[in-house]
Structures are given as structure tokens and as C-alpha cells.
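Presented below is the structure to which this report refers.
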2 protein chains.
Amino acid sequence: MSTRTTVTPDAVRRAALELFAGKGYHGTALSEIAARLEIRTPSLYNHITSKQELLAHILLQTSTEVLDDFDHAVAGLDDVAERLGAAVRVYALRHATHRHEALVVNADVAALEEPVRSRVLELRRRHERGVRDLIIEGTANGDFDVEHPAVTSFGILEMCVAIARWFHEDGSLSAEDTAEAHAELALRMVAHRLSGDRPVSDPTDRELTAGKRTT
Amino acid sequence: MSTRTTVTPDAVRRAALELFAGKGYHGTALSEIAARLEIRTPSLYNHITSKQELLAHILLQTSTEVLDDFDHAVAGLDDVAERLGAAVRVYALRHATHRHEALVVNADVAALEEPVRSRVLELRRRHERGVRDLIIEGTANGDFDVEHPAVTSFGILEMCVAIARWFHEDGSLSAEDTAEAHAELALRMVAHRLSGDRPVSDPTDRELTAGKRTT
DNA sequence: CCTACCGATCGGTAGG
DNA sequence: CCTACCGATCGGTAGG
């Protein structure tokens, strides 16, 4: 049983990732990681320098990739709704395709030691700010109708994060469909409401681009 | 320094709650709980029977209250949008006013031992199902326009859960305003869209009641 | 990659 | 409420 390939630093990280995701950093013993690789605990130190380093690698890499994803997703897009849709799509997709990483990032930042912790938190803040600024921009130019941009951006981001908690690859929805569904939900959250119960104070230049169709 | 009141089982639970919320169940040592109460670790056992019991109490109580909240919130309301709004409002409010409980529930279910773990998960599933059924009902009778009820209900619920991660009592929004903002977001997520870019494949009986206006 | 072993700390008990 | 102490386990090192 078990594939029994040669142990590499990457294999250790993968084993750690799955265990951290399931039981948390503090809830996972190095002996369990070793057992999964069918080696003894001290042998892990041929591939890593500490347990903490395993955690740091996962969180730094993931946080960096999230920010890169965002930058690439919005690059070249003009319409702010398109940019928000693309940002949400790629963020949601990541949480469906990288469930374990996402779970660890969100459950175990507290277990990170400085200075890595601050770096990770800074990367996350940058991403949050990027999304929030899109919402602020769309609200300012009248494309969106949002009362609390910060609350709305947290709501959008966190429902995407939650995908990691319920998504299953064998479910009825593919990762891509799930991502698309979240982009749609996000655009609904910022869209103008039906029925004129919310008077559009500044309808300048906005014909009826309200649709999310992009071609 | 410190209030220095007599230690009670409830005081132990409160100290444990704050520490679990900040560092997780496995990341918190009983010695830290004792230190916060200015007693020695073994003295804790005059008030509790085990560390695990502390966790079980927090999670069971919170999960039970969430379900009670839901039942009371929707009771007596007729309109499905009103019921969904009320359910979201009360759930969001709890996550703003009981941040620590919410953080522990979501981070440390995995640390719960059986059979309590199964009971807690069952309570959570019941609540999820309650909200999802509202969305299904509203979609079926035409009040809502939702393509993926399960995804939508997870999205709504999880953005509320996330409140516990970012809400601060001294922020610009009160707990009540935050709850109201989330009810609004949830209703947007299920509402009919502006402009007919989504061809209504089955327009039976749904003329253009598209609005969510009731009565 | 291993055995042997380290000090520290864990949750918890004995016995006042 | 305490001191004294338990066995188990932790992350990690020595030295092949």
C-alpha cells in the first residue's frame, strides 16, 4: 500500500498540507507526517529544517499566488464589473482547486511566527484592498450600488474562502461552475436593485450596461 | 491587576473561550487558562473535568442557540424573503456579538471528540438546511431567482460567519447595522436581476413580479 | 535513511 | 485552592 516513492521536500510539504488542513497545525504531530511517508520522525529533518518552516512555506506561497491571480485577472479589463467578476472568479476557483491550502491559510495564520506572519497578513490585506477598491470605484462611477463597500468586499471574499469548506470534486458542480456562480453572486451583491426603491442619484452615462454579459 | 473575582466554572469557560478563539484548541494549554485566572493548573479541575469538556460546552451551546435563533426569527413570518432576511439578520448579528464563540466553532470542530462532534455537525446541518430550504421555496414560487440554491445558501451563511473574523465593536458599523447590511446582501443574492439578460425559460405564472416587493 | 535520546511541555492525578 | 508528581508526547539533535 501507498505509492512508496522516494521522499522529497515536496512530498513532505504535501503530506503536511493534508494533515494541517484536517487537524490544524498544532493538532498535527511531525510523527504523523513521518508515518504518512513511511519514515521515522528524525528523517524528516533531511528534507525540512522545522515544523514551522512547513507552515510558513504553505502560507507564503498561497498568499503570494492569490495576489498574482488577482493582478492577472483584472489586467487589461476596462469595465469595473468585468474586473470584479474576473477577480472573484479566479479567487473562488483557487478555493475549489486548492482546498487544503485555503483551509490552512485561514485556520493557522495564528500559528505562524513572526516575521512571516506579518508578511502573510500584509499580502492578504493587499488583496482585500484590491477588491474593495474595485467596489469603491464601481460605486463612485455609478456602475455599482453599494452602501458599505468594506462589508460587501468582506462578504464577497469570505463566501469564496468558504468554498474550501464545502466543495467536493465529485459534487454536482465543477470547480469552474462554482467559480462562475460566485462571480454571479458577487455581481448581484453590488448591482443596482430592481424596482426603483433605491433612487439612482447619478445615472450619468450608464445606459443599460447593467447586464454582466461580456462576450 | 485583573479583577480577581472568585473562580467559577463559568469564569474558566470564559477564559478558555478567549484563548481558544485566539490560538485554537490545540494551541492553548491549560496552564495558560489557569494563568489568566491566577491559579495553578491542577486547580482548574475543581471547576472542570477535562479540557475537552470546555470545548464541547462552547460548541454545543453555540450550535444549539444558532438553531433556536433561526426558528424564532422565521416564526410567524409569511413572506419567504422576509423569513430569509430575518434568518440572515439574526445569524449575522450573532457573529458580530459572539465573535469568540463563532471563531472556535469554525476553527475547532475538528478537535472535538465523538460523540459530541457528530451532534454539533448535525445541528449545523439542520441550520444550513433551514436556510437552503427557504431559498428553494422562494425560487419555486418565483419570489427569488436562484440558479444554485446550495451554493447560494453556503455563500450567504459563510459571509455571515466571516463577520467574526473582521468585526470590531469600535468599528464604524454597529453589530445591528452589520447584521442589516448582510440581510440586504443576502436578499440581493437571491433577487431577480435587472435587465432581461437571463432568459426566463419558464415564465409560467411569473408575469413580471420580478420585483421582490411584497404586499 | 536509522536508533537512541534530549529537555520541555502536555493534560491530568494524588493527596492533602 | 496548593505542591508534588505521573506517563505520554512533543519538536528536535547526536551521531552514525
Side-chain angles (χ1 to χ4, degrees), chain A residues 1-59 104 107-114 116-117, chain B residues 1-59 104 107-114 116-117:
Chain A
M1 55 217 67
S2 111
T3 24
R4 211 39 171 134
T5 48
T6 333
V7 174
T8 64
D10 213 65
V12 178
R13 277 187 215 118
R14 278 197 305 271
L17 175 65
E18 280 179 43
L19 286 163
F20 290 173
K23 329 174 19 140
Y25 178 76
H26 290 300
T28 302
L30 287 181
S31 60
E32 298 174 280
I33 299 174
R36 178 167 291 219
L37 298 164
E38 295 179 88
I39 60 176
R40 307 288 164 190
T41 307
S43 303
L44 287 174
Y45 287 87
N46 292 313
H47 309 291
I48 63 170
T49 67
S50 73
K51 185 189 182 188
Q52 177 72 205
E53 179 220 53
L54 283 170
L55 183 67
H57 185 270
I58 294 168
L59 271 76
V104 175
D108 288 319
V109 221
L112 260 190
E113 292 168 7
E114 295 294 357
V116 180
R117 185 163 185 272
Chain B
M1 53 218 71
S2 112
T3 22
R4 208 48 171 124
T5 48
T6 334
V7 174
T8 63
D10 214 63
V12 178
R13 278 187 215 119
R14 278 197 305 271
L17 175 64
E18 280 180 43
L19 287 162
F20 290 172
K23 330 175 17 146
Y25 177 75
H26 289 300
T28 303
L30 286 181
S31 60
E32 298 174 280
I33 299 175
R36 179 168 290 220
L37 298 165
E38 295 179 86
I39 60 178
R40 308 288 165 190
T41 308
S43 303
L44 287 174
Y45 287 86
N46 293 314
H47 310 290
I48 63 170
T49 67
S50 72
K51 186 190 182 188
Q52 177 72 204
E53 179 220 55
L54 283 170
L55 183 66
H57 184 270
I58 294 169
L59 271 77
V104 176
D108 289 318
V109 221
L112 260 190
E113 292 168 7
E114 295 293 359
V116 180
R117 184 163 185 273

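Chain letters run A, B, ... following the sequence lines, proteins first, then strands; residues in each count from 1.
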### Query
Within less than 4.0 Å of OP1 or OP2 of C/dC1, is there a side-chain N or O belonging to A/R40?
no

### Summary
Side-chain contact check for A/N46: nearest option of D/dG12, C/dG11, C/dC1 is C/dC1

### Query
Of all the nucleotides listed (D/dC1, C/dC1, C/dG11), which has the minimum atom distance to the side chain of A/S43?
C/dC1

### Query
Whole Å only: how far is the CD1 atom of B/I33 from the C1' atom of C/dG11?
11 Å

### Task
Measure from the side chain of A/P42, starting at C-beta and using heavy atoms only, and say which of C/dT13, D/dT13, C/dC1 lies closest.
D/dT13

### Task
Round to the nearest Å and state the distance from B/L55 atom CG to C/dG11 atom C1'.
14 Å

### Message
Tell me the interatomic distance from B/H26, atom NE2, to C/dC10, atom P, rounded to whole angstroms.
### Response
14 Å

### Query
Could you give the CG-to-P distance, from A/L54 to D/dG11, as a whole number of Å?
11 Å

### Query
Where the side chain of A/E113 meets the backbone of A/Q52, is there a donor-acceptor pair that is under 3.5 Å apart?
no

### Query
With respect to the side chain of B/V7, which nucleotide from C/dC1, D/dG11, D/dC1 is positioned closest?
D/dC1

### Message
Could you tell me the Watson-Crick or G-U partner of C/dT13, where both distances fall under 3.5 Å? Say none if there is no partner.
### Response
D/dA4

### Heavy-atom closest contact (B/H26 atom, A/K23 atom, distance)
CD2-O, 4.2 Å

### Task
Would you kindly give the OH-to-P distance between B/Y45 and D/dC6, to the nearest whole Å?
17 Å

#### Entry: N/O (side chain, A/S31) to phosphate O (OP1/OP2, D/dC10) under 4.0 Å
yes

### Task
With the side chain of A/I39 defined as its heavy atoms from C-beta on, choose the nearest nucleotide among D/dG12, C/dC2, C/dG11.
C/dC2

#### Entry: Separation of C/dC10 C1' from B/K51 NZ (nearest whole Å)
8 Å

### Query
Would you find a donor on one side and an acceptor on the other, under 3.5 Å apart, between the side chain of A/Y25 and the backbone of A/A107?
no

### Summary
A/H47 has its side chain closest, among C/dG12, C/dC1, D/dC10, to C/dC1

### Task
Specify the closest pair of heavy atoms between A/V109 and A/R117, including all atoms of both residues, with the distance to one decimal.
O-NE, 3.4 Å

### Spacing of A/L30 atom CG relative to D/dG11 atom P, expressed in whole Å
4 Å

### Message
Mind checking if A/T49 touches a base, just sugar-phosphate, or nothing, with heavy atoms under 4.0 Å?
### Response
nothing

### Query
Hey, are the side chains of B/L44 and B/I33 touching, using non-hydrogen atoms and a 4.5 Å cut-off?
yes

## Note on the structure
Atom CD of B/Q52 and atom C1' of C/dC10 are separated, to the nearest Å, by 15 Å

